[in-house]
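Here is the naming used below: chain letters follow the sequence lines, and residue numbers restart at 1 for every chain.
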Amino acid sequence: MAEPKENVLMEKIVSLCKRRGFIYQSSEIYGGINGFWDYGPLGAELKRNVKELWWNTMTRLRDDVVGLEATIIMAPAIWKASGHVDTFSDPMIDCKTCKGRFRADQTDEIACPQKPSKCVNECHGEKTAPRAFNLMFQTYVGPLQDDSAVAYLRPETAQAIFAQFKNVLETSRQKVPFGIAQVGKAFRNEVTPRNFTFRSREFEQMELEFFIKPDEVIEAISGSVATVPDPGHPGEPQPNWGWQAWHQYWVEERVAFYERIGLSRHTLGFHVQTPEELAHYARATTDILFKFPFSKRDGQGELKGEELEGIAARSDFDLSQHQRCSGKPMGVFDDELRTAWGKLPKEKQDDLWRRYCENRKKYLTKTGVTDEAATKQATEDANGLAKGQYIPHVIEPSAGVDRLILALLTNAYSDATKTDEKGKVETTVVLKFHPRVAPIKVGVMPLLKNKPELVTKAHEVRDLLRPWMNVFYDDGGSIGRRYARQDEAGTPFCLTIDFDTLGEKPELLNTVTLRHRDDGRQERLAIGDLLTWLLPKIR
RNA sequence: GCGAGCGUAGCUCAGUCUGGUAGAGCGUCACGUUGCCAACGUGAAUGUCGAGGGUUCGAAUCCCUUCGCUCGCUCCA
């Protein structure tokens with residue numbers, strides 16, 4: 001395989017991250033630990049900005065989403081209900097002869113790589129016994145380390161949202177449709193961490209669970225479910241939206257978010273999961289991808305991209321599971337539904353009742369409930385619908401923070417080599433972050449540091465801006481070198497305090513040079529106008 | 001976890017084959033200088049050559065183990 005220049009780009013990014021203090025390897029002085037990464041001074045600011053923007057966009061700027069911050073260790077039963085205890089532990093078999101690794105439950109289906117005419121369990125390769133690969137980190141709660149004390153570090157933040165659904169519903173004065181958002185750490189004991197921070201064992205997620213009414217309920221209340229328009233943003237949420245409209249709405253909302261922080265649509269990719277790829281409970285999943293240098297290529301040689309976020313329509317699976325496993329009701333009561341139901345013609349009632357019942361039964365049967373018990377429970381659930389009760393469905397936009405950070409770094413990276421008059425070749429690096437995510441918003445520098453009046457004035461400008469944004473003060477070296485340092489950190493603006501600031505040209509008294517990172521352009525701004533100029537650009 | 005490659009200063013890398021006790025460029029720091037894009041001068045710091053063990057009079061260099069990184073199998077946010 002040709003050594004692609006993409007790998008060279010990745011290497012440049014990794015070394016820049018270390019050199020400038022974005023990302024370090026965890027525990028480096030002890031030799032490091034595989035799959036764990038620390039954020040340095042610039043990385044911590046960048047990450048904080050990204051999480052704050054997400055939080056503000058998803059919760060504070062909306063009426064219909066509230067926040068949650070749950071613990072990392074939860075009752076282990078949650079992970080039984082969610083399916084993680086079972087599905088995260090595929091028994092695997094290794095073949096010592098052909099070096100292949102196979103799922104133990106598929107050895108009679110997969111062809112042997114060396115003898116494709118035979119399947120794996122018929123070939124003569126020397127195979128290991130099946131070994132469990134549980135991807136959840138285990139620990140013990142309390143001093144006794146026995147089986148009853150086993151607990152897990154959460155492999156996703158989502159389940160806490162489902163587990164606290166009723167509490168939030170009852171204390172937030174929200175009604176379906178509404179969402180619960182959470183940002184936090186999650187842990188997966190990945191078989192092979194890869195691609196810098198892209199697949200880590202400890203990572204951070206930004207997840208929204210947006211609860212909606214089942215289509216049958218929409219139909220009962222609004223007469224019919226809105227048809228989904230052509231691709232694109234479907235506009236302001238409407239009462240007659242079913243899961244498809246809501247799913248499309250969230251995909252477009254999320255893309256708009258990425259665009260607002262500098263990832264234009266052409267840097268993103270989309271993957272609509274095929275029916276075979278979908279989890280059995282999912283109605284649809286659209287992945288938003290970013291074209292990383294290490295991404296695989298499609299038939300035309302175009303980068304396909306790697307997943308930043310998945311937006312899944314998960315039906316009522318999660319709440320149903322927790323209702324079934326905890327024995328606590330997870331349904332909601334909807335007065336509007338009860339009233340509307342009473343006014344429906346008998347045929348319509350019967351039709352909706354039958355469809356809701358069928359969907360409930362389909363779910364219950366798939367979880368292993370006997371046909372008889374499933375019929376009984378589904379009938380009860382459908383009778384509840386007629387009284388205004390249902391289990392909400394959910395749309396889940398789930399994003400990886402660290403992956404997004406890596407995407408922003410990759411997207412921002414730009415370098416150029418130039419030769420000076422002495423023939424010396426140097427490489428200049430500019431990180432073209434969108435000002436909203438840039439770790440340092442503005443560099444403040446006196447033109448010369450041996451002129452105390454310049455330094456004093458520069459300190460004043462720094463102190464003026466500091467309460468509002470992350471400011472970096474620098475008086476070391478030539479002005480060009482200081483600009484270059486800020487370019488490498490991705491600082492969008494630099495302010496230089498010069499003799500005109502002090503009134504050498506009286507008409508320029510109390511103005512500073514504002515220098516733009518991406519093109520070096522300069523303009524003159526009054527110190528008194530700085531905040532009104534800067535704030536809209538960084539928020 | 002399996003297979004392949006790699007690991008020398010903050011970064012990029014030379015030195016490893018042919019053992020003799022560690023170097024370059026860039027960066028960093030201090031002082032001087034400085035009139036808008038990595039200017040210059042002087043001075044300084046930094047490595048138990050990824051870690052541990054072995055062979056040897058002597059190991060960055062040869063051998064073993066281990067940790068980490070990259071790539072493939074597998075998995076996902």
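Side-chain N/O atoms of A:E309 and A:Y258 include a donor and acceptor closer than 3.5 Å.
Residues satisfying the salt bridge (Lys or Arg N to Asp or Glu O under 4.0 Å) criterion with A:R20, sequence neighbours excluded, are A:E488. Listed by chain and residue number, nothing satisfies the salt bridge (Lys or Arg N to Asp or Glu O under 4.0 Å) test with A:R283 (two or more places apart in sequence, or in another chain). For A:E277, there are no salt bridge (Lys or Arg N to Asp or Glu O under 4.0 Å) partners at least two apart in sequence or on another chain. Residues forming a salt bridge (Lys or Arg N to Asp or Glu O under 4.0 Å) with A:E209 (at least two apart in sequence, or on another chain): none. Remark: A:H271 engages no residue in a ring pair (Phe, Tyr, Trp, His ring centres under 6.0 Å) (not counting sequence neighbours). For A:A484, there are no side-chain contact (heavy atoms from CB on, under 4.5 Å) partners, not counting sequence neighbours.
Nucleotide B:A77 holds its P atom 18 Å from the NZ atom of A:K185, rounded to whole Å. Between A:M136 atom CE and B:A77 atom C1' the separation is 16 Å, expressed in whole Å.
When heavy atoms are screened at a 4.0 angstrom cut-off, A:E504 is found touching base atoms of the nucleic acid.
Applying the salt bridge (charged side-chain N to carboxylate O under 4.0 Å, His left out) definition to pairs two or more places apart or across chains, those involving residues 447-457 of chain A are A:K457-A:E460. The salt bridge (charged side-chain N to carboxylate O under 4.0 Å, His left out) analysis of residues 393-408 of chain A, with sequence neighbours excluded, yields the pairs A:K47-A:D402, A:R314-A:E396.
Near-neighbour residues of RNA chain B inside residues 489-499 of chain A, defined by a heavy atom below 4.0 Å, number-ordered: A:T496, A:D498, A:F499. For the contact set between residues 507-518 of chain A and RNA chain B, defined by any heavy atom under 4.0 Å, the members are A:T513, A:R515. Contacts of residues 32-53 of chain A with RNA chain B (heavy atom under 4.0 Å): A:G32, A:I33, A:N34, A:G35.
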Item to complete: Can you check each nucleotide of nucleotides 47-52 of chain B against protein heavy atoms at under 4.0 Å and return B for base, S for sugar-phosphate only, - for none, in 5' to 3' order?
Response: ------
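Aromatic stacking is not marked for A:Y483 over B:A38, as the cut-offs of 5.5 Å for the centres and 30° for the planes do not both hold.
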